[in-house]
Amino acid sequence: QVQLVESGGGSVQAGGSLRISCAASGGTFSNYAMGWFRQAPGKSREFCAAITSSGGRDYYGDSVKGRFTISRDNAKNTVYLQMSSLEPEDTAVYYCAARAGPVAYSSNLYATWGRGTQVTVSS
């Protein structure tokens with residue numbers, strides 16, 4: 001029953017930073033593991049980050065590890081993705097996803113998705 005809405009996307013120069021957010025409504029937010037995925041034109045959807053329902057553990061894809069940080073605030077029903085040292089290759093639509101139970105790396109294991117927010121990184 002949870003619904004997700006991403007926000008905070010935009011344009012940034014290479015080397016810059018950006019924080020995007022995903023607000024959840026409906027359901028019980030604290031029951032869901034949350035993930036961030038991205039999809040660039042002509043490419044498949046790629047795992048970026050995930051966080052457990054409690055916020056106790058986080059996981060990252062190799063391409064963003066060390067540059068991106070996922071976090072959540074269960075009191076605000078919101079999950080965040082802090083992106084730093086951005087590169088043109090990070091340009092994509094970024095999607096928030098929710099999954100009951102443990103985190104997962106595969107997009108097909110997440111049942112609920114937001115509409116996405118565009119992030120564009122220029123050189």
Side-chain angles (χ1 to χ4, degrees):
Q1 296 293 104
V2 66
Q3 296 85 48
L4 306 174
V5 180
E6 301 94 339
S7 63
S11 298
V12 62
Q13 290 191 326
S17 62
L18 194 67
R19 188 177 78 159
I20 55 176
S21 302
C22 175
S25 61
T28 303
F29 183 65
S30 60
N31 288 345
Y32 297 95
M34 302 296 296
W36 285 100
F37 294 77
R38 67 186 184 184
Q39 189 164 21
K43 294 188 176 182
S44 61
R45 193 162 295 188
E46 177 187 18
F47 172 76
C48 289
I51 190 166
T52 58
S53 59
S54 68
R57 290 294 307 270
D58 50 5
Y59 305 85
Y60 300 93
D62 288 341
S63 63
V64 308
K65 194 172 298 181
R67 299 188 298 119
F68 291 10
T69 302
I70 188 172
S71 62
R72 69 190 294 162
D73 187 340
N74 284 354
K76 296 182 178 180
N77 290 351
T78 302
V79 62
Y80 306 93
L81 188 66
Q82 176 67 50
M83 302 177 287
S84 62
S85 301
L86 285 163
E87 304 168 352
E89 293 74 21
D90 295 316
T91 296
V93 177
Y94 284 73
Y95 297 92
C96 177
R99 182 181 190 270
V103 299
Y105 297 156
S106 299
S107 61
N108 61 2
L109 297 178
Y110 288 81
T112 304
W113 294 82
R115 298 174 184 174
T117 186
Q118 176 72 46
V119 173
T120 302
V121 184
S122 60
S123 60

Given the rule in the side-chain contact (heavy atoms from CB on, under 4.5 Å) test, do Tyr94 and Glu6 qualify, once you have shown the distances and angles that lead to the verdict?
CA-CA 8 Å; Tyr94 284 73; Glu6 301 94 339; over 6 Å; no
Give the C-alpha distance, both sets of side-chain angles, the deciding distance and a yes or no for side-chain contact (heavy atoms from CB on, under 4.5 Å) between Ser21 and Lys76.
CA-CA 11 Å; Ser21 302; Lys76 296 182 178 180; over 6 Å; no
side-chain contact (heavy atoms from CB on, under 4.5 Å), that's the test. Do Arg99 and Leu109 meet it? Break it down for me.
CA-CA 7 Å; Arg99 182 181 190 270; Leu109 297 178; 3.7 Å; yes
Run the numbers on Val64 and Met83 for side-chain contact (heavy atoms from CB on, under 4.5 Å), then give the verdict.
CA-CA 9 Å; Val64 308; Met83 302 177 287; over 6 Å; no
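Distance check, rounded to the nearest 0.5 Å: OG of Ser44 to CZ of Arg38 gives 11.0 Å. Atom CG of Asn74 is separated from atom OH of Tyr32 by 12.5 Å, given to the nearest 0.5 angstrom. The distance from the CZ atom of Arg72 to the SG atom of Cys22 is 10.0 Å, given to the nearest 0.5 Å. Separating the CD1 atom in Ile70 from the CZ atom in Arg57 is a distance of 13.0 Å, to the nearest 0.5 Å. Between atom OG of residue Ser84 and atom CG of residue Leu18 there is a gap of 11.0 Å, rounded to the nearest 0.5 Å.
Under a 3.5 Å cut-off, the side chain of Thr91 and the backbone N or O of Val121 do form a donor-acceptor pair. No donor-acceptor pair closer than 3.5 Å links the side chain of Arg45 to the backbone N or O of Phe37.
A continuous path of Ile, Leu, Val, Met, Phe, Trp and Tyr side chains, each step under 4.5 Å between heavy atoms, connects Leu81 with Leu86, placing both in one hydrophobic cluster. Linking Ile, Leu, Val, Met, Phe, Trp and Tyr whenever their side-chain heavy atoms come within less than 4.5 Å puts Val119 and Tyr60 in one cluster. Cluster membership check: Val93 does not share its hydrophobic cluster with Ile20, using side-chain heavy-atom separations under 4.5 Å among Ile, Leu, Val, Met, Phe, Trp and Tyr. Transitive grouping of hydrophobic side chains (ILVMFWY, heavy atoms separated by less than 4.5 Å) brings Tyr95 and Val103 into a common cluster. When hydrophobic clusters are built by joining Ile, Leu, Val, Met, Phe, Trp and Tyr residues whose side-chain heavy atoms come closer than 4.5 Å, directly or via intermediates, Ile51 is grouped together with Val2.
Between Ser123 and Ala14, the shortest heavy-atom contact is CA-CB, 4.2 Å. When all heavy atoms are compared, the tightest approach of Ala40 to Ala92 is N-CB, 3.9 Å.
Using a 4.5 Å heavy-atom threshold, the side chains of Phe29 and Thr78 count as separate.
Geometrically, Arg19 engages Tyr80 in a cation-pi contact defined by less than 6.0 Å to the ring centre and at most 45° from the axis.
Phe47 pairs in a ring-ring contact (aromatic ring centres under 6.0 Å, His included) with only one of the listed residues (Tyr110, Trp36, Tyr105, Phe68), which is Tyr105. Residue Ser63 is tested with Glu89, Glu87, Glu46 for a side-chain hydrogen bond (donor to acceptor under 3.5 Å, both in side chains); the sole match is Glu46.
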